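See structure below.
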Amino acid sequence: MNHYRSNVDDIAFNLFEVLGIDRAQQQDGPLDRSTVVAMLRELDRLAAGPIAASYTSSDRRPPAFDANTHTVSLPEDLKASVRTYLEAGWAHVGADSQVGGTEVPQVLRWALAELVLAANPAVYMYATAPTSASIFLRQATAEQQGWARVIGTSNWGSTMVLTEADAGSDVGAARTKAIPQLDGTWHIEGVKRFITSADSGDLFDNIVHFVLARPQGARAGTKGLSLFLVPKFHVDFTTGALGERNGVFVTNLESKMGLKASATCELAFGQHGIPAVGWLVGETHDGVAQIFDVIEDARMFVGTKAVATLSAGYLNALSYAKTRIQGGDLAHGGATAPRVAILRHPDVRRSLLTQKAYVEGLRALYLFAAAHQDAPVAAVVTGADPSMAAAISDMLLPIVKGFGAETAIAMLNEALQVFGGSGYLQDYPLEQYIRDARIDALYEGTTAIQAQDLLFRKIVRNRGAALGFLSAFMKAELDQVNDPPLKPTADRIAHALREIDVMNNLLLRRLTEALEQPEQIYLVGLDATGYLYAMGDLLVGWMLLRHAVVSSRALVDPDVDSNERAFFEGKIAAAAFFADRVLPRLSATRKTFEATTLGIMHLPDEAF
Ligand SMILES: Cc1cc2nc3c(=O)[nH]c(=O)nc-3n(C[C@H](O)[C@H](O)[C@H](O)COP(=O)(O)OP(=O)(O)OC[C@H]3O[C@@H](n4cnc5c(N)ncnc54)[C@H](O)[C@@H]3O)c2cc1C
C-alpha cells in the first residue's frame, strides 16, 4: 500500500488565499498561480510514485556499512528515488541561480519540500548539495564562488559536521583541530559523530563536508571555531575534475530507532594515514556564525518535515476512520445500535479534529515564517520592512522547529490510536512515522535548545522588537473580527495573547532580577520549554482563525461547490475547536509560571 498522503489544496490555499504571494513584487514579475499549482501537482505526482516507493523498504532493509572500505551502501530502490528527485531538478528549486538553481521565493521552496518530506524524508536529506552550495556562495571568497557552482551543479552530496562525542548541544566543546599548511590549506584532525549522509556509496561522485574545527591556538568555546570545506575526493575546482581520496573516512554507521534510510555516520578526519585537507570557508574565522546559516536552513527543514509526516499520518488515520466499522452510535443505543464507522464515535472525532487543527495550523505557521524569508513576500503578508521580516523569520524558527516537532510526535500518537491495534503493526505506516518523526525533536538542536534560542536570542537580544511587531499585528487583526460566528474564537485568541503578555512580563522581571541574583535565571530556564509550547499554541490558534476568516468570506459565494464548502466549513470548525478546547490551557501554563520556585534546583541530586 502506498503510504503517501498530501493536501495540495491546503498548501495552495495558504499560498494564495491567505498569504497572497501572487501579489508580491518579485524580480521576475509576480508569481503566476497556475504555474505554482502545476509545480505542486507535478511534485505531488512524483512524491506519490517513485519518491514514496522506497520509503517502507529502505526502513526494513536500511543502508549498510562496510568497515573495510569505509563505505555506506544504500538500497537500490532508495537510490532510484533520490535520482528521480535530482534528475527532475527539484533539489535545485529555491537554490541560487549561480549554483545552477531555479530561484523561487522561500515560501514556495518550503511548500514544495513538504511534499517530498511527506513521501520520503531521506530522499530530501541526501539531495542537499544545491542548498549547501547556495549558502556557501554567500560566504565564499571571490575564488571560492566558482567552487560553489561546481558543488551545486555536479552530482555531489553534502553534509554539515558539528557534533562530537563530547560536543552535542554544547557545540563549543568541539575538539577537532585544524592545522595550517604552507600552501594555505588546513589539515583537519578529529572524530565527529552523528553525521547525516556522510557517505552514500556510489550515489554521488563526491561529497563535500562543511566542518567546524578549531584552528591550532584558537580560543576555547564557540568563538574559537572555524568552518572548513573538506571534500571526500580532492577536486580541481576550476574544471570540477576529481582527484585522489582525501583523508576523511566513515568509521561507523549508527543503528537507530527510525529514519533508517538516512545514514547517520561517525566521520574520522586525518586518522588513517592520509591528511584530511580542508579549506577555510570565506576569509574570516567565524565558523559558528557561518554554520548557523546552514543550521537555520536545517531547522526549517525539520519543522517542515514534522508537519509533512503529521499531515500524512492524519490523512491516513482519517481514511481508516471512514472505513473501519466498529461499535454502535452512542446516541442510538450504543452497544445495541447498528455498527458504524469509527468516525462516528465522539472520541475519534475529537482526536481527528485535534490532529487536523494542528496539521493545518502548523502548516500555516511554517509557511507564514517562510513568507518572512523574502522581503517582497513579507511586505505583502504583514507589511514588515526587510529587517523586521528577517527578525520575524528568526523568531518563528525555533517555534516552527521545536514546537512543530514536539506537536507532530504527540499528534502522530493520536493518529496511531485511531487505527487501534492495527496501528501498532507494520501493515500501516503510523508506527514508522512515529519512529521517523521522533528524531525531529532531537537533531538540529533539541527542544530545550530551541526554547532557549527563542527566549534569549530571538526575544531578549532582539529587545522584543519582532515579538512586539507580531503581537500588535495579531491584535489589530483580532480587533477586526466582529462577525458573530468568528468573534468568540477571536476573543479566546485575544485572551491567550494577554496570557502570553503576562508570561513575557514575568520572565522579563525574573531575567532582570537575575542581574543581581544569578539564581533567578533558573526560573526562566525552568519555564522556557513551557513558553515555547504556549507561543506555539497561540500562533496555531491565530493561523487557524486567519484561515477561518478567509473561509467564511468564501462561503458567501453562491458558486462554491460541495467540496469547497466542506473545505471551508472544516477550516471554521477547526479554528473554533482549537480556541475553545486547546487555548484555555495557556491560562494554566501562566499559573504554573507564577508558581515556579527554585525548590527544584535546590533539591539534592540524590533526591531525584
Ligand atoms: C539521526 C541523527 C542525525 C544527526 N545529524 C547530524 C548532522 O548531520 N550533523 C551534526 O553535526 N550533528 C548531527 N546530529 C547530532 C544532533 O544535532 C545532536 O544529537 C543534538 O544536537 C543533541 O546533542 P546530544 O545528542 O549530544 O545531546 P546532549 O547535548 O547531550 O543533550 C542531552 C539532553 O540534555 C539537554 N541539554 C543539553 N544541554 C542543555 C542546556 N544547555 N540547557 C538545557 N538542556 C540541555 C538536551 O536538551 C537533551 O535533552 C544528528 C543526531 C542524530 C541522532
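Both backbone and side-chain heavy atoms feed into the values below; hydrogens, waters and symmetry mates do not. Being a predicted model, the structure only gives us computed values, none of them experimental. Read the numbers this way: they start at 1 and go in the same order the structure lists the ligands and their atoms.
When side chains are defined from C-beta on, Lys458 does not count as touching Leu396, because their heavy atoms never get closer than 4.5 Å. Contact of the Tyr55 side chain with the Pro121 side chain is registered, since non-hydrogen atoms from C-beta on lie closer than 4.5 Å. Arg109 is not listed as a side-chain neighbour of Gln373, based on a closest heavy-atom distance of 4.5 Å or more. The side-chain heavy atoms of Glu444 and Lys401, taken from C-beta on, include a pair separated by under 4.5 Å.
Neither the backbone nor the side chain of Glu254 comes within contact range of ligand 1; no heavy atom lies under 4.0 Å. At a 4.0 Å heavy-atom cut-off, ligand 1 touches Glu444 through the backbone alone. Residue Thr264 touches ligand 1 through its side chain alone, judged by heavy-atom distances below 4.0 Å. Contacts with ligand 1 closer than 4.0 Å are made by side-chain heavy atoms of Ile439 only, the backbone lying farther away.
The N/O atoms of Asp170, backbone and side chain alike, include none that comes under 3.5 Å of an N/O atom in ligand 1. Residue Val161 has no N or O atom closer than 3.5 Å to an N or O atom of ligand 1. Residue Phe194 has at least one N or O atom closer than 3.5 Å to an N or O atom of ligand 1. Backbone and side-chain nitrogen or oxygen atoms of Thr163 are examined, and one is located within less than 3.5 angstrom of a nitrogen or oxygen of ligand 1. Residue Tyr443 has no N or O atom closer than 3.5 Å to an N or O atom of ligand 1. Of the polar atoms of Lys256, none of the N or O atoms is found under 3.5 Å from an N or O of ligand 1, judged by distance alone.
Close approach of ligand 1 to Gly168 (heavy-atom distance below 4.0 Å) involves ligand atoms 23 (O), 24 (P), 26 (O), 29 (O). Close approach of ligand 1 to Ile195 (heavy-atom distance below 4.0 Å) involves ligand atoms 7 (C), 8 (O), 9 (N), 10 (C), 11 (O). Remark: ligand 1 atoms within the under-4.0 Å shell around heavy atoms of Leu162 are 10 (C), 11 (O). Residue contact check: Ala448 has heavy atoms under 4.0 Å from atoms 43 (C), 44 (N), 47 (O) of ligand 1.
Counting only N and O atoms by type, the side chains of Gln432 and Asp436 include a donor and acceptor under 3.5 Å apart. Residues Glu114 and Tyr366 bring a donor and an acceptor atom of their side chains to less than 3.5 Å of each other. In the model, Asn120 has a side-chain atom that pairs as donor or acceptor with a side-chain atom of Ser54 under 3.5 Å.
Taking every heavy atom of both residues into account, Glu406 and Ala441 meet most closely at OE2-CB, 3.5 Å.
Checking atom 26 (O) of ligand 1 against the protein gives a heavy-atom contact under 4.0 Å. For atom 38 (N) of ligand 1, the nearest protein heavy atom lies closer than 4.0 Å. Within 4.0 Å of atom 46 (C) of ligand 1, at least one protein heavy atom is present. Less than 4.0 angstrom separates atom 6 (C) of ligand 1 from at least one non-hydrogen atom of the protein.
By the 6.0 Å and 45° rule, Arg457 stacks over the aromatic ring of Phe292.
Between Phe210 and Phe136, the angle of the ring planes lies from 30° to 60°, which puts this pair in the tilted group. Under the 30°/60° scheme for interplanar angles, the aromatic rings of Tyr443 and Phe301 are found to be tilted.
Nearest protein heavy-atom contact of atom 9 (N) of ligand 1 is Met160 O, 2.8 Å. Among protein heavy atoms, atom 29 (O) of ligand 1 sits closest to Ser169 OG, 2.6 Å.
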